[in-house]
**Student:** 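This is the structure I want to talk about, given as structure tokens.
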Amino acid sequence: MGILEGKKALITGIANERSIAYGIAKSFFNHGATLAFSCANQKLCKRVEELSTELGGGPIFECDVSKDEDIKSLKESLEKELGSLDILVHSIAFAPKDEFKAGVLETSREGFSSAMDISVYSLIALTRELLPLMKGKNGSILTLTYYGAQKVVPHYNIMGIAKAALESTVRYLAYDLGKMGIRINAISAGPIKTLAAYSITGFHLLMEHTTKVNPFRRAITINEVGEASAFLCSDMASAITGETLFVDNGYHIMGVFEREEDYHA
Ligand code: 0WD
């Protein structure tokens, strides 16, 4: 029996087969979960439709998380289709491309607001709206973060600030949700070549460096994030909440690097 047998999960944030959310969906399906999906717009929903057939062909809902009305109708549709929910996967982030290029000093008010709104507030809004479906279910919520929340990663800029807020949000929500027996955690994934990653200036250098110096000296895969996510969202992790779990081949444990060339990607 799979570790997610009998659990119903909503997966947000699949843009294509490279998306971290797709790796999570695959693992969840293999571990026995029933899946539903949400995507930001019709175009993405079409893509998800193709990918979801091999994952049980669950329902797909359009939901732009920057719109309260979309989140409300997502809840109504989920209630109609699934009745209840055990797991929410929040795999969503956005910042205007120019905000990555400019340094933090040049961050615009609009860029800051939209990065915080879509990458952080959406976790609070989705959690609050979907909570009634998760009550009494030992529910589990998961979001995705990155090392740039805790240390300076050049070019990550506004998104580093947003991810720091996201990790803090996870801790505060963990406290509030604990009373209801619901857990919430974050996975801090190492760099992976996805659509979102390509918005970051110099991502290929970051990827090359991280891959070269981590203890395993290789890149992580979306399947590895998927397997760790399956564990965190299963009852095996029943005492874990408010945590940020690194799935990065151990890059974050490094203090200095061994060789001079390790500092150059
Ligand atoms: O190296 C990486 N790729 C890492 C990503 C390392 C560590 C963490 N992450 C995080 C990202 O910051 C994000 O939170 O993982 C999460 C998933 O990102 P991803 O899988 O790397 O990227 P992608 O496949 O692009 O999925 C992110 C999706 C969007 O895709 P596009 O490319 O269309 O922006 O977030 C979704 C959308 O599907 N998204 C939204 N969904 C609903 N409403 C919205 C929105 N307003 N905006 C973006």
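As the structure lists them, so they are numbered: ligands from 1, and atoms in each ligand from 1.
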**Student:** Does Cys39 reach ligand 1 with a nitrogen or oxygen that is under 3.5 Å from one of the ligand's nitrogen or oxygen atoms?
**Tutor:**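 N/O-N/O distance under 3.5 Å: no.
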
**Student:** May I ask you to say whether Glu62 pairs ionically with Lys43, meaning some side-chain N is under 4.0 Å from a carboxylate O?
**Tutor:** no

**Student:** Within a distance under 4.0 Å of any heavy atom of Lys163, pick out the atoms of ligand 1 and give their elements.
**Tutor:**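 Those qualifying, in numeric order: 11 (C), 12 (O), 13 (C), 14 (O).
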
**Student:** Quick check on contacts: which atoms of ligand 1 are under 4.0 angstrom from a heavy atom of Gly190?
**Tutor:** 1 (O), 6 (C)

**Student:** Please determine if Asp64 has a nitrogen or oxygen closer than 3.5 Å to a nitrogen or oxygen of ligand 1.
**Tutor:**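 Yes, since at least one N or O of Asp64 sits under 3.5 Å from an N or O of ligand 1.
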
**Student:** Suppose I only count heavy atoms of Ser91 and a 4.0 Å limit; which atoms of ligand 1 are within that range?
**Tutor:**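 Going through ligand 1 atom by atom, the ones under 4.0 Å from Ser91 are 16 (C), 17 (C), 27 (C), 28 (C), 35 (O).
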
**Student:** For Ile118, is at least one N or O under 3.5 Å away from an N or O on ligand 1?
**Tutor:** no

**Student:** Can you find a protein heavy atom under 4.0 Å from atom 34 (O) of ligand 1?
**Tutor:**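 No, because not a single protein heavy atom sits under 4.0 Å from atom 34 (O) of ligand 1.
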
**Student:** Can you confirm if the aromatic rings of His252 and Tyr147 lie within a centre distance of less than 6.0 Å?
**Tutor:** no

**Student:** Any idea which protein heavy atom is nearest atom 24 (O) of ligand 1, and the distance to it?
**Tutor:** Ser19 OG, 2.6 Å

**Student:** Apply the side chain to side chain contact (heavy atoms under 4.5 Å, CB included) test between Ile11 and each candidate in Phe29, Tyr22, Phe37; give the one that qualifies.
**Tutor:** Phe37

**Student:** Report yes or no: is the SG-SG distance between Cys39 and Cys45 under 2.5 Å?
**Tutor:**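 The answer is yes, since Cys45 and Cys39 bring their SG atoms under 2.5 Å apart.
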
**Student:** Does either side chain, that of Thr221 or that of Asn223, offer a donor lying less than 3.5 Å from an acceptor on the other one?
**Tutor:** no

**Student:** Within the 3.5 Å criterion, strictly below it, is a donor on Ser84 or Lys8 matched to an acceptor on the partner's side chain?
**Tutor:**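 A donor-acceptor contact under 3.5 Å links the two side chains.
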
**Student:** Do Glu99 and Ser108 get their side chains close enough for a donor-acceptor pair, meaning under 3.5 Å?
**Tutor:**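 Yes, Ser108 and Glu99 have a side-chain donor paired with an acceptor closer than 3.5 Å.
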
**Student:** For atom 10 (C) of ligand 1, what is the closest protein heavy atom, and at what distance to 0.1 Å?
**Tutor:** Leu144 CB, 3.7 Å

**Student:** Going by side chain to side chain donor-acceptor pair (under 3.5 Å), name the residues that satisfy it together with Glu110, two or more places apart in sequence or in a different chain.
**Tutor:** none

**Student:** Record the part of Ser188 in heavy-atom contact with ligand 1 below 4.0 Å; permitted values are side chain, backbone, both and neither.
**Tutor:**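 Neither part.
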
**Student:** Run the salt-bridge test on Lys163 and Glu167 with the 4.0 Å N-O cut-off and return the result as yes or no.
**Tutor:**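 Result for this pair is no, no salt bridge flagged.
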
**Student:** Might you point out which heavy atoms bring Asp86 and Lys137 nearest each other, and give the distance in Å?
**Tutor:** OD1-CE, 3.0 Å

**Student:** Which ligand 1 atoms does Ala15 reach within 4.0 Å, using its non-hydrogen atoms?
**Tutor:**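 In order of numbering, the contacting atoms are 24 (O), 30 (O).
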
**Student:** If the cut-off is 4.0 Å to any non-hydrogen atom of Leu44, which atoms of ligand 1 fall inside it?
**Tutor:**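 Listed by number with element, the hits are 33 (O), 38 (O).
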
**Student:** Show which atoms of ligand 1 fall inside a sub-4.0 Å distance from at least one heavy-atom site of Cys63.
**Tutor:**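 Under 4.0 Å from Cys63, ligand 1 has these atoms: 42 (C), 43 (N).
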
**Student:** Can you pull out the closest protein heavy atom to atom 48 (C) of ligand 1? Residue, atom name and distance to 0.1 Å, please.
**Tutor:** Ala93 O, 3.7 Å

**Student:** Go through His209 and Tyr251 one step at a time and tell me if the side chain to side chain contact (heavy atoms under 4.5 Å, CB included) criterion holds.
**Tutor:** CA-CA 10 Å; His209 165 73; Tyr251 177 80; 3.2 Å; yes

**Student:** Give me the residue, atom name and distance of the protein heavy atom closest to atom 6 (C) of ligand 1.
**Tutor:** Ala189 O, 3.5 Å

**Student:** State, without any angle test, whether His204 and Tyr198 hold a side-chain donor-acceptor pair at a distance under 3.5 Å.
**Tutor:** no

**Student:** Quick one: which ligand 1 atoms are inside 4.0 Å of a heavy atom on Gly13?
**Tutor:** 26 (O), 28 (C), 38 (O)

**Student:** May I ask which of Pro191, Ala95, Ala40 has a heavy atom nearer to atom 41 (N) of ligand 1 than the others do?
**Tutor:**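 Of the listed residues, Ala40 has the closest heavy atom.
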
**Student:** Write out the residue and atom name of the closest protein heavy atom to atom 5 (C) of ligand 1, then the distance separating them to 0.1 Å.
**Tutor:**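 For this ligand atom, the closest protein heavy atom is Ile20 CD1, 3.5 Å.
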
**Student:** For Phe94, does the six-membered ring have the charged nitrogen or CZ of Lys97 within the cation-pi criterion, i.e. under 6.0 angstrom from the centroid and within 45° of the normal?
**Tutor:** no

**Student:** Looking only at heavy atoms, what is the nearest atom pair of Ser119 and Ala93, with distance?
**Tutor:** OG-CA, 3.6 Å

**Student:** Suppose we measure from atom 43 (N) of ligand 1 to each protein heavy atom; which comes out shortest, and what is that distance?
**Tutor:** Val65 N, 3.0 Å

**Student:** Note the single closest protein heavy atom to atom 39 (N) of ligand 1, along with its residue, its atom name and the distance in Å.
**Tutor:**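 I find the closest protein heavy atom is Ile92 CG2, 3.6 Å.
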
**Student:** Based purely on interatomic distance, does Asn16 place a nitrogen or oxygen under 3.5 Å from a nitrogen or oxygen of ligand 1?
**Tutor:** no

**Student:** Do any N/O atoms on Thr194 end up under 3.5 angstrom from N/O atoms on ligand 1?
**Tutor:**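 For ligand 1, there is an N or O atom that lies under 3.5 Å from one belonging to Thr194.
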
**Student:** Below 4.0 Å, non-hydrogen atoms only: which portion of Thr145 touches ligand 1? Side chain, backbone, both or neither.
**Tutor:** backbone

**Student:** Considering distance alone, does some N or O of Ala196 sit under 3.5 Å from an N or O of ligand 1?
**Tutor:** yes

**Student:** Strictly inside 4.0 angstrom of atom 29 (C) of ligand 1, do you find any protein heavy atom?
**Tutor:** no

**Student:** Quiz question: by atom type and distance under 3.5 Å, do the side chains of His90 and Ser122 form a donor-acceptor pair?
**Tutor:** yes

**Student:** Starting from atom 1 (O) of ligand 1, locate the nearest protein heavy atom and write down its residue, its atom name and how far away it is, to 0.1 Å.
**Tutor:**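 Looking at atom 1 (O) of ligand 1, the protein heavy atom closest to it is Ile192 N, 2.8 Å.
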
